[in-house]
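This report concerns only the one structure given below.
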Amino acid sequence: MRETPEDLKELQALLDASLSRSTSHLRSIITTKSTLTAEQLTQVLTGMCTLALSTVTAKGEPRISGVDGHFLHGKWHFGTAPGAAKARHLAARPAASVAHLRGEDLGVFTHGTVEILNPQDGEPAADWPELLAYFKDFYGDDGFDWENEVVYYRLHPHWMSVYAPDIAKLTAAS
């Protein structure tokens with residue numbers, strides 16, 4: 001777990017506010033008995049989590065693709081090739097949604113706006129050196145050109161919900 005007490009406080013506030021603003025249908029499915037706290041969520045979302053990333057084309061058409069997601073400091077981080085369609089979509093329209101699913105045991109759904117962490121033509125995020133060290137440690141550093149072959153994003157969530165019907169089963173598996 002890399003989250004600070006402040007990260008956990010902000011994440012819990014987001015989870016609570018998101019659920020309170022949700023439809024009655026969603027609130028009938030996701031209850032206090034079928035969701036996770038911020039602390040539980042950060043204990044479950046470790047390492048790489050496959051995400052379904054949704055972006056929008058210039059014509060307003062939705063597109064979905066997979067990315068390696070890393071949940072760090074209460075936010076999703078992911079990368080792609082600079083020439084990928086999703087990179088073009090996010091550069092022009094930074095609103096995005098991601099979903100992480102583990103069968104019927106876990107669903108984490110997030111909507112927000114992306115920040116480019118290592119822009120090729122600008123200053124990197126202040127914490128980019130720390131994140132880059134994490135990614136190099138996770139994936140290995142075998143001569144890969146981290147500055148030019150991949151663009152990394154942080155999704156700043158404005159809505160996030162978690163469905164976990166059997167919390168004991170899920171936390172026992174992590």
Side-chain angles (χ1 to χ4, degrees), residues 2-3 7 10-11 13-23 25-26 29-30 35-36 38 41-42 44-132 134-136 138-139 144-164:
R2 298 174 180 275
E3 284 70 23
D7 292 336
E10 288 177 17
L11 179 57
L14 174 68
L15 293 171
D16 293 343
S18 298
L19 192 55
S20 74
R21 294 189 320 258
S22 296
T23 64
H25 171 74
L26 186 62
I29 297 167
I30 300 177
T35 192
L36 300 177
L41 185 61
T42 59
V44 170
L45 297 179
T46 59
M48 193 279 290
C49 301
T50 303
L51 299 178
L53 168 68
S54 179
T55 60
V56 180
T57 69
K59 293 181 181 178
E61 299 169 332
R63 294 293 182 264
I64 194 162
S65 60
V67 293
D68 289 3
H70 296 266
F71 199 71
L72 307 167
H73 300 288
K75 294 178 176 67
W76 286 112
H77 297 72
F78 59 90
T80 192
K86 65 188 116 204
R88 290 191 312 274
H89 297 168
L90 292 171
R93 292 162 300 283
S97 296
V98 299
H100 172 64
L101 301 167
R102 293 183 189 171
E104 295 179 6
D105 295 330
L106 177 67
V108 182
F109 308 94
T110 310
H111 308 302
T113 304
V114 297
E115 164 194 13
I116 299 174
L117 298 171
N118 61 331
Q120 291 199 344
D121 58 354
E123 285 295 312
D127 61 344
W128 175 242
E130 170 193 336
L131 292 168
L132 181 58
Y134 166 85
F135 293 128
K136 285 181 176 183
F138 186 85
Y139 291 108
F144 183 77
D145 185 352
W146 290 90
E147 300 301 322
N148 294 305
E149 293 184 44
V150 66
V151 58
Y152 269 93
Y153 302 89
R154 175 179 13 242
L155 182 62
H156 292 278
H158 57 76
W159 189 90
M160 182 184 295
S161 66
V162 180
Y163 176 69

Next on the checklist: Donor-acceptor pair, distance only, cut-off 3.5 Å: does the side chain of Thr35 make one with the backbone of Val162?
Outcome noted: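 Judged by distance alone, yes, a pair lies under 3.5 Å.
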Next on the checklist: Go through it in stages, so that I can follow the logic: the residues are Phe71 and His100, the test is ring pair (Phe, Tyr, Trp, His ring centres under 6.0 Å), and I'd like the CA-CA distance, side-chain angles, deciding distance and then a yes or no.
Outcome noted: CA-CA 11 Å; Phe71 199 71; His100 172 64; 9.5 Å; no
Are [Y] and [X] an aromatic pair, judged by ring center distance below 6.0 Å?
{"X": "Tyr153", "Y": "Trp76", "value": "no"}
{"X": "Tyr134", "Y": "His77", "value": "no"}
{"X": "Phe78", "Y": "Tyr152", "value": "no"}

Least distance between heavy atoms, [X] atom then [Y] atom:
{"X": "Gly107", "Y": "Leu101", "answer": "CA-CD2, 3.7 Å"}
{"X": "Ala84", "Y": "Thr80", "answer": "CB-OG1, 3.4 Å"}
{"X": "Leu155", "Y": "Ala96", "answer": "CD1-O, 4.0 Å"}
{"X": "Pro82", "Y": "Gln120", "answer": "CG-NE2, 4.0 Å"}

Checklist entry - How long is the gap from CG on Leu15 to CG on Leu19, to the nearest 0.5 Å? => result 8.5 Å
Item to check | Side-chain ion pair, Asp127 and Arg154, N-O less than 4.0 Å | outcome: yes
Item to check | Intermediate values then yes/no, side-chain hydrogen bond (donor to acceptor under 3.5 Å, both in side chains), Thr113 and His156 | outcome: CA-CA 5 Å; Thr113 304; His156 292 278; over 6 Å; no
Checklist entry - Taking it one step at a time, do Glu10 and His73 satisfy side-chain hydrogen bond (donor to acceptor under 3.5 Å, both in side chains)? => result CA-CA 10 Å; Glu10 288 177 17; His73 300 288; over 6 Å; no
Checklist entry - Does any pair with a residue in residues 51-61 pass side chain to side chain donor-acceptor pair (under 3.5 Å), and if so which ones, sequence neighbours excluded? => result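 Of all non-adjacent pairs touching residues 51-61, those that pass side chain to side chain donor-acceptor pair (under 3.5 Å) are Thr55-His89, Glu61-Arg63.
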